[in-house]
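Heads up, the thing below is written out as structure tokens.
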Amino acid sequence: MTIDDVLKLVRPHLLALQPYSSARDEFDQSVVAQEKFVFLDANENPFETGHNRYPDPHQRELKTRISEIKGVAANKIFLGNGSDEAIDLVVRLFCDSSNNILITTPTYGMYKVSAEINNVQLKTVLLDSNFGLTDDFLAATDSNTKVIFLCSPNNPSGNLLDTRALENILNKFKGIVVIDEAYIDFTGLPAGEAGQPGWLKRLDQYPNLIVLQTFSKAWGLAGLRLGMAFANPQIISLLDKIKPPYNISSATQRLAAQALADISYMERSVKTILAERTRLASELGKLRTVTKVFPSDANFILIRINNAAKVYNELVWQHVVVRDRSQVRRCEDCLRITVGTAEENDILLNALKSL
Ligand SMILES: *Cc1c(COP(=O)(O)O)cnc(C)c1O
């Protein structure tokens, strides 16, 4: 596909949309950052609270920093109020009620919810019993399929999706392919290293590719609500056009920039989580009631356990909360367990042993 083919997928009224022009758009402070101005343009309260001014609607400083760390040009970066906002905006940008999106079962729940909120039809294809993509995945698309959401490493199964299978989809599908990499920092390879499993480096090759990442997992900033979408600059500028102007608060912009200034903190916590993942998987595997520990490239482990729904409730009585996925197809009798601290993981293991 070319970028012109991609632009034909955009809902026409959004291509034509004149976006809201904020006070901060009509007067760009950054060009005169050295000088002092009196700002009487945005109906802000002039008295200092630390947050009395509207934030930069383009998040320039934060994007510059993310651009350096990810090795992706700033004009290929969109920032959302969580990646959940990016998911919703992608659905809205491309799909109306005559369209459908295609996802796998199992996968992350928000793709379905965003489709339903926007009155967009949903198609699902089962992954195989090891949670891999099947050869007939694209057979489920039709001429109204606009967007495919794929999650790699997949939630709740924890596995990376096969590179060849994703390439095949990107090459053949005449629509948008979103690859959600919320857990990409847990695959065990340092970011930027050769052989790194992520898809950011393939953006130039595929104008129909959108990669999602988030600050909620490896970066430990779920409470701030900050997600990233990476794509062709023309897709990014369309997402920017339809987002709420001040979608990323000044507190979030400042605190995320602080976290990005010291990557080593994030790297150390990821390393500890990976070591605990190995230990937890091995200990879970020793339990008599656990019939399967699925391999994980993420910060959680999916296990199959006898009477999963009952075990879930018994764990809650012991004040340990895991995620019961046993009602999801392919996840029968499965629990999804987030890797915690060593102490938390021991509490879980002891609780399971006591059942
Ligand atoms: C946790 C998660 C996210 C993160 O969403 P945010 O809105 O950025 O917190 C996105 N995708 C998947 C698959 C997730 O599991």
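Computed from a predicted model, the values in this text were never measured in an experiment.
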Exercise for the section: Measure the CD1-CZ distance between I103 and F137 for me, rounded to the nearest 0.5 Å. Expected result: 9.0 Å
Exercise for the section: Check the pair F186 / L274 against side-chain contact (heavy atoms from CB on, under 4.5 Å), numbers first and verdict last. Expected result: CA-CA 7 Å; F186 297 104; L274 294 186; 4.2 Å; yes
Practice task
Kindly indicate whether the side chain of I337, heavy atoms from C-beta on, has any atom under 4.5 Å from the side chain of L284.
Solution key: yes
Practice task
Determine the sole option in L126, V125, L150, T124 for which the side-chain contact (heavy atoms from CB on, under 4.5 Å) test with T104 is passed.
Solution key: L150
Practice task
Before giving the answer on side-chain contact (heavy atoms from CB on, under 4.5 Å), spell out for C331 and F131 the whole-Å C-alpha distance, their side-chain angles and the decisive distance to 0.1 Å.
Solution key: CA-CA 10 Å; C331 297; F131 301 109; 4.1 Å; yes
Practice task
Find out if a path of hydrophobic residues (ILVMFWY) with successive side-chain heavy-atom gaps under 4.5 Å connects I263 to Y265.
Solution key: no
Handout entry: Salt bridge present between R279 and E283 (N-O < 4.0 angstrom)
Key = no
Exercise for the section: Would you kindly say whether K241 and Q18 are connected by a side-chain donor-acceptor distance under 3.5 Å? Expected result: no
Exercise for the section: Using a 4.5 Å cut-off on heavy atoms from C-beta on, say whether the side chain of N118 contacts that of C95. Expected result: no
Practice task
Return yes if some donor-acceptor pair links the side-chain N/O of K63 with the main-chain N/O of I77 below 3.5 Å, else return no.
Solution key: yes
Problem - Side-chain ion pair, R330 and D128, N-O less than 4.0 Å - result: no
Problem - L212-I69 co-clustered via ILVMFWY side chain contacts under 4.5 Å - result: no
Practice task
Verify side-chain contact (heavy atoms from CB on, under 4.5 Å) between V10 and F94, making sure each step is shown before the conclusion.
Solution key: CA-CA 5 Å; V10 176; F94 296 103; 3.6 Å; yes
Exercise for the section: Using modelled atom types only, decide if a donor and an acceptor are shared between the side chain of S216 and the backbone of L221 within a distance under 3.5 Å. Expected result: no
Handout entry: Expected output: side-chain N307 to main-chain K310 donor-acceptor under 3.5 Å
Key = no
Problem - Pairwise side-chain contact, Q258 with Q253, heavy-atom cut-off 4.5 Å (strictly under) - result: no
Completion exercise
To the nearest 0.5 Å, atom OG1 of T291 lies from atom CD1 of I303 at 8.5 Å
Handout entry: Within 6.0 Å of CG in D135, more than 12 heavy atoms from elsewhere
Key = no
Practice task
Check step by step if ring-ring contact (aromatic ring centres under 6.0 Å, His included) holds for F230 and F78.
Solution key: CA-CA 6 Å; F230 302 90; F78 169 85; over 10 Å; no
Fill in the blank from the handout: Closest heavy-atom pair, T107 versus C151, reported as atoms and distance to 0.1 Å, is OG1-CB, 3.5 Å
Fill in the blank from the handout: Heavy-atom closest pair (A351 atom, V320 atom, distance to 0.1 Å) is CB-CG2, 4.5 Å
Handout entry: Side-chain heavy atoms of Q318 within contact of S354, under 4.5 Å
Key = yes
Handout entry: F215 six-ring centre to K217 NZ/CZ under 6.0 Å and within 45° of normal
Key = no
Exercise for the section: Answer yes or no: is there a side-chain heavy-atom contact under 4.5 Å between W219 and T214? Expected result: no
Practice task
Give the minimum heavy-atom separation between T341 and E344, together with the two atoms involved.
Solution key: N-OE1, 2.9 Å
Practice task
Run the salt-bridge test on D204 and K76 with the 4.0 Å N-O cut-off and return the result as yes or no.
Solution key: yes
Completion exercise
For P245 and Y20, the nearest pair of non-hydrogen atoms, with its separation, is CG-CD2, 3.3 Å
Problem - Between N345 and E276: side-chain donor-acceptor atoms closer than 3.5 Å - result: yes
Problem - Separation of T338 OG1 from I301 CD1 (nearest 0.5 Å) - result: 10.0 Å
Practice task
Start with the C-alpha gap between L349 and D346, add the side-chain angles, then the distance that decides, and say whether side-chain contact (heavy atoms from CB on, under 4.5 Å) holds.
Solution key: CA-CA 5 Å; L349 288 165; D346 283 339; 4.2 Å; yes
Practice task
Flag the pair L166 / R164 as yes when at least one side-chain heavy-atom distance between them is below 4.5 Å, and no otherwise.
Solution key: no
Handout entry: Pairwise side-chain contact, N171 with Y206, heavy-atom cut-off 4.5 Å (strictly under)
Key = yes
Exercise for the section: Drop me the distance from N232's CG to L238's CG, to the nearest 0.5 angstrom. Expected result: 9.5 Å
Problem - Heavy atoms of other groups near R323 CZ, more than 12 under 6.0 Å - result: no
Fill in the blank from the handout: Heavy-atom closest pair (V91 atom, A115 atom, distance to 0.1 Å) is CG1-CA, 4.4 Å
Exercise for the section: Measure from the ring center of F149 to the ring center of Y108 and say whether it is less than 6.0 Å. Expected result: no
Exercise for the section: May I ask you to say whether R202 pairs ionically with E167, meaning some side-chain N is under 4.0 Å from a carboxylate O? Expected result: yes
Problem - Full working for side chain to side chain donor-acceptor pair (under 3.5 Å) between D333 and S326 - result: CA-CA 5 Å; D333 263 334; S326 63; 5.6 Å; no
Exercise for the section: Would you confirm whether T49, through its side chain, and H51, through its main-chain N or O, come within 3.5 Å as a donor-acceptor pair? Expected result: yes
Problem - Between T252 and S249, a side-chain donor and acceptor under 3.5 Å - result: yes
Exercise for the section: Answer yes if the side chains of T134 and D136 hold a donor-acceptor pair under 3.5 Å, and no otherwise. Expected result: yes
Practice task
Identify whether the distance between the nearest side-chain nitrogen and carboxylate oxygen of D88 and K243 falls below 4.0 Å.
Solution key: no
Practice task
Answer yes if the side chains of S22 and D25 hold a donor-acceptor pair under 3.5 Å, and no otherwise.
Solution key: yes
Practice task
Following the transitive rule for hydrophobic clusters with a side-chain heavy-atom cut-off under 4.5 Å over Ile, Leu, Val, Met, Phe, Trp and Tyr, establish whether I210 and I3 coincide in one cluster.
Solution key: yes
Exercise for the section: Give me the ring orientation class for Y54 and Y246: parallel if the planes are under 30° apart, tilted from 30 to 60°, perpendicular past 60°. Expected result: parallel
Practice task
Would you kindly confirm whether I87 and I169 end up in one hydrophobic cluster when ILVMFWY residues are joined by side chain heavy atoms under 4.5 Å apart?
Solution key: no
Exercise for the section: Evaluate the criterion salt bridge (Lys or Arg N to Asp or Glu O under 4.0 Å) for residue pair D324 and R336; output intermediate values, then yes/no. Expected result: CA-CA 6 Å; D324 179 7; R336 191 195 69 190; over 6 Å; no
Exercise for the section: Inspect the contact between E267 and K271 and indicate whether a charged nitrogen and a carboxylate oxygen are less than 4.0 angstrom apart. Expected result: no
Exercise for the section: Hey, could you give me the CG/CG distance between L315 and L355, rounded to the nearest 0.5 Å? Expected result: 5.5 Å
Problem - Heavy-atom side-chain contact between T187 and L160 under 4.5 Å - result: yes
Exercise for the section: Please step through side chain to side chain donor-acceptor pair (under 3.5 Å) for the pair D4 and T2, ending with a clear verdict. Expected result: CA-CA 5 Å; D4 288 336; T2 67; 4.9 Å; no
Problem - L15 with L239, same ILVMFWY side-chain cluster at under 4.5 Å - result: yes
Exercise for the section: Check the side chains of E85 and N247 for a donor-acceptor pair under 3.5 angstrom, ignoring hydrogens and angles. Expected result: yes
Problem - Heavy-atom donor-acceptor pair, Q213 side chain to V211 backbone, under 3.5 Å - result: no
Fill in the blank from the handout: Rounded to the nearest 0.5 Å, the CG atom of L62 sits from the CD1 atom of I248 at a distance of 8.0 Å
Problem - Donor-acceptor side-chain pairing of S296 and N159 below 3.5 angstrom - result: no
Practice task
Please report the shortest heavy-atom distance between P207 and M1, naming the atom on each side.
Solution key: CG-O, 3.1 Å
